[in-house]
Amino acid sequence: MPQSTQDKIIAYLQSKLPQAKELSLSQFVQTAVGWSHEIYVFYAHWKENGQDVTRGFCLRKDPGVGLLRSLSDLEEQYRVLQALEPTSAPTPKVYWLEEDPALLGGPFFIMEKVEGEATNPWSKVGKQFYAEAAKRGKLPRSFIEALASLHNLDWRAAGLDFIGVPGPGTDFALREVAKWESLIQQSLRKPEPVLTELLMWLKANAPKTQRLAFVHGAYRTGNLMIKDDLISAIIDWELQVIGDPMYDVAYVLSDLNREGSPLLSCVVEREFFINTYQQLTGLTIDFDACRYYEILYMMRSTAFWLSASGLFAEGKNKDLRLARTTYSVPVVLDMAAKALGF
């Protein structure tokens with residue numbers, strides 16, 4: 001009889017925890033979140049030196065058919081989280097990286113299960129949760145403090161330069177444009193004139209980076225674990241770069257991440273975010289650069305949805321959520337056209 005996924009994980013944990021006796025799992029769930037990876041959360045129980053031990057784990061597995069295709073690097077994510085562990089940035093502790101795909105059908109790593117919830121900000125329940133948390137006052141400031149902890153980080157001292165350091169001037173912005181253009185080229189099935197115009201504009205108007213920082217790349221509610229109205233962990237480490245901190249700021253400011261909510265990322269008032277972020281980082285927000293990066297995010301979103309719908313159409317991924325993204329492509333391109341004054 002073939003081993004179940006749970007049995008395989010138990011066997012793997014046993015190999016990493018040789019002192020553990022009577023090892024078992026409970027509350028084993030494959031979550032519905034995540035577009036690029038399979039995610040399993042569970043509690044492991046065992047006896048060690050006569051004591052009962054319980055520990056929560058989260059397993060992140062690369063299925064090989066995620067929407068970022070070759071741009072997603074599981075080993076890089078693991079090493080980034082390793083580097084962040086001793087810093088002030090709130091992140092999960094990682095335990096083991098397994099690169100042998102034979103064990104679970106793809107490489108994976110195991111990290112701690114951080115207590116809290118990453119509530120979906122697009123749902124009615126999520127919007128209500130964040131609106132109520134905003135009124136209580138703790139979460140908006142914690143949201144900004146967690147972002148500032150990344151941008152204030154001495155990324156060289158943390159050993160994060162392995163993810164790549166852009167050159168001076170416009171190199172960072174042009175690197176990002178090239179990265180997402182490569183994903184578009186892997187996915188595009190028909191000409192998209194607005195997208196072509198958008199790419200030309202981005203290449204011609206790239207801003208200069210004034211200061212390099214460690215940037216998350218998708219900093220928003222939904223990618224943050226929240227417990228007692230505080231950020232317990234920043235998650236979803238796929239898009240991190242060394243680059244312009246305005247790249248993250250623009251993501252927070254963008255209408256793409258609030259869908260009708262008057263609050264940035266559905267949780268923080270604009271002026272409070274601007275004032276508190278500048279106070280905590282010592283940076284002055286460059287709104288011209290932020291406008292550029294917001295338009296770049298429109299191009300990046302188009303790349304995501306083209307890739308996702310393409311994977312489904314090609315029969316490489318059966319997740320129905322990917323098929324639905326076909327309808328998002330013209331919506332985002334229309335936003336981009338308006339932003340460019342078409």
Side-chain angles (χ1 to χ4, degrees), residues 27 29 31-34 39 41-43 54-58 60 80-81 84-94 111-153 213-240 245 247-283 285 290:
Q27 300 181 49
V29 176
T31 70
V33 298
I39 300 172
V41 292
F42 52 89
Y43 288 92
T54 294
R55 188 178 299 170
F57 292 105
C58 176
R60 191 172 178 95
V80 164
L81 286 169
L84 290 173
E85 184 180 340
T87 74
S88 62
T91 53
K93 174 182 174 63
V94 288
M111 57 187 165
E112 69 173 317
K113 178 185 181 297
V114 177
E115 296 304 316
E117 299 291 334
T119 305
N120 179 358
W122 315 133
S123 66
K124 182 178 179 181
V125 171
K127 283 189 173 68
Q128 182 177 352
F129 168 80
Y130 290 116
E132 292 174 354
K135 291 177 182 176
R136 292 191 293 269
K138 284 169 56 179
L139 184 56
R141 183 171 183 88
S142 183
F143 176 92
I144 305 167
E145 288 175 341
L147 179 60
S149 74
L150 300 182
H151 294 177
N152 289 334
L153 188 69
F214 179 63
V215 175
H216 181 268
Y219 190 86
R220 61 170 178 83
T221 46
N223 287 337
L224 304 168
M225 298 293 291
I226 298 165
K227 186 175 188 296
D228 298 330
D229 278 1
L230 296 173
I231 306 303
S232 55
I234 304 168
I235 57 174
D236 199 12
W237 292 96
E238 288 188 89
L239 303 172
Q240 65 277 343
Y247 199 37
D248 274 341
V249 172
Y251 203 64
V252 175
L253 295 176
S254 174
D255 289 342
L256 288 168
N257 293 319
R258 53 178 171 156
E259 284 201 357
S261 170
L263 303 174
L264 301 180
S265 208
C266 300
V267 79
V268 59
E269 292 183 354
R270 180 182 174 91
E271 289 307 310
F272 181 71
F273 171 78
I274 291 169
N275 293 336
T276 306
Y277 174 84
Q278 291 183 149
Q279 178 186 13
L280 292 176
T281 62
L283 293 168
I285 292 177
C290 286

For [X], which residues count as a side-chain hydrogen bond (donor to acceptor under 3.5 Å, both in side chains) partner, sequence neighbours excluded?
X      : value
Tyr247 : Glu176
Lys113 : Tyr43
His216 : none

Nearest 0.5 Å, what's the [atom1]-[atom2] distance between [X] and [Y]?
X      : Y      : atom1 : atom2 : value
Trp237 : Leu84  : CH2   : CG    : 5.0 Å
Leu147 : Ile144 : CG    : CD1   : 8.5 Å
Phe57  : Glu112 : CZ    : CD    : 9.5 Å

field: salt bridge (charged side-chain N to carboxylate O under 4.0 Å, His left out) partners of Arg258, counting only residues at least two apart
entry: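 With neighbours one apart ignored, the set is Asp255.
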
- request: Under the salt bridge (charged side-chain N to carboxylate O under 4.0 Å, His left out) rule, collect the residues that match up with Lys93, sequence neighbours excluded.
  value: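 Here the qualifying residues are Glu85.
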
- prompt: Applying side-chain hydrogen bond (donor to acceptor under 3.5 Å, both in side chains), which residue pairs with at least one partner in residues 272-281 are found, sequence neighbours left out?
  reply: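 Output for this query lists His151-Tyr277.
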
query: With sequence neighbours left out, which residue pairs that include part of residues 139-150 fulfil the side-chain hydrogen bond (donor to acceptor under 3.5 Å, both in side chains) condition?
result: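 Sorted pair list: Arg141-Glu145.
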
Donor-acceptor pairs under 3.5 angstrom involving side-chain atoms of residues 225-232: please list them, not counting sequence neighbours.
residue : atom : partner : partner atom : Å
Asp229  : OD1  : Arg136  : NH2          : 3.0
Asp229  : OD2  : Arg136  : NE           : 2.6
Asp229  : OD2  : Arg136  : NH2          : 3.4
Ser232  : OG   : Glu115  : O            : 3.0
Ser232  : OG   : Met225  : O            : 3.2

Expected list for residues 260-274: side-chain donor-acceptor pairs under 3.5 angstrom, two or more places apart:
residue : atom : partner : partner atom : Å
Ser261  : OG   : Leu263  : N            : 3.1
Ser265  : OG   : Thr221  : N            : 2.9
Ser265  : OG   : Thr221  : OG1          : 3.1

- prompt: Is the backbone of Ile235 close enough, under 3.5 Å, to the side chain of Asn223 for a donor and an acceptor to pair up by distance?
  reply: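 Flag not set: sc Asn223 to bb Ile235 has no pair under 3.5 Å.
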
message: Quick check against the 3.5 Å criterion: does Tyr219 have a side-chain atom that pairs as donor or acceptor with the backbone of Phe143?
response: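 Yes; judged by distance alone, with no hydrogens or angles, the pair exists.
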
- request: If a pair satisfies ring pair (Phe, Tyr, Trp, His ring centres under 6.0 Å) and one of its residues is in residues 252-271, list it, with sequence neighbours excluded.
  value: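 Residue pairs with at least one partner in residues 252-271: there are none.
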
query: Can you list the residues that meet the side chain to side chain contact (heavy atoms under 4.5 Å, CB included) rule with Cys290, with sequence neighbours excluded?
result: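 For Cys290 the side chain to side chain contact (heavy atoms under 4.5 Å, CB included) partners, ignoring immediate neighbours, are Met246, Val249, Ala250, Leu253, Ile285.
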
N/O donor to acceptor pairs below 3.5 angstrom from side-chain atoms of residues 124-131, sequence neighbours left out:
residue : atom : partner : partner atom : Å
Lys127  : NZ   : Trp122  : O            : 3.3
Gln128  : NE2  : Glu132  : OE2          : 3.1
Tyr130  : OH   : Thr119  : O            : 2.6

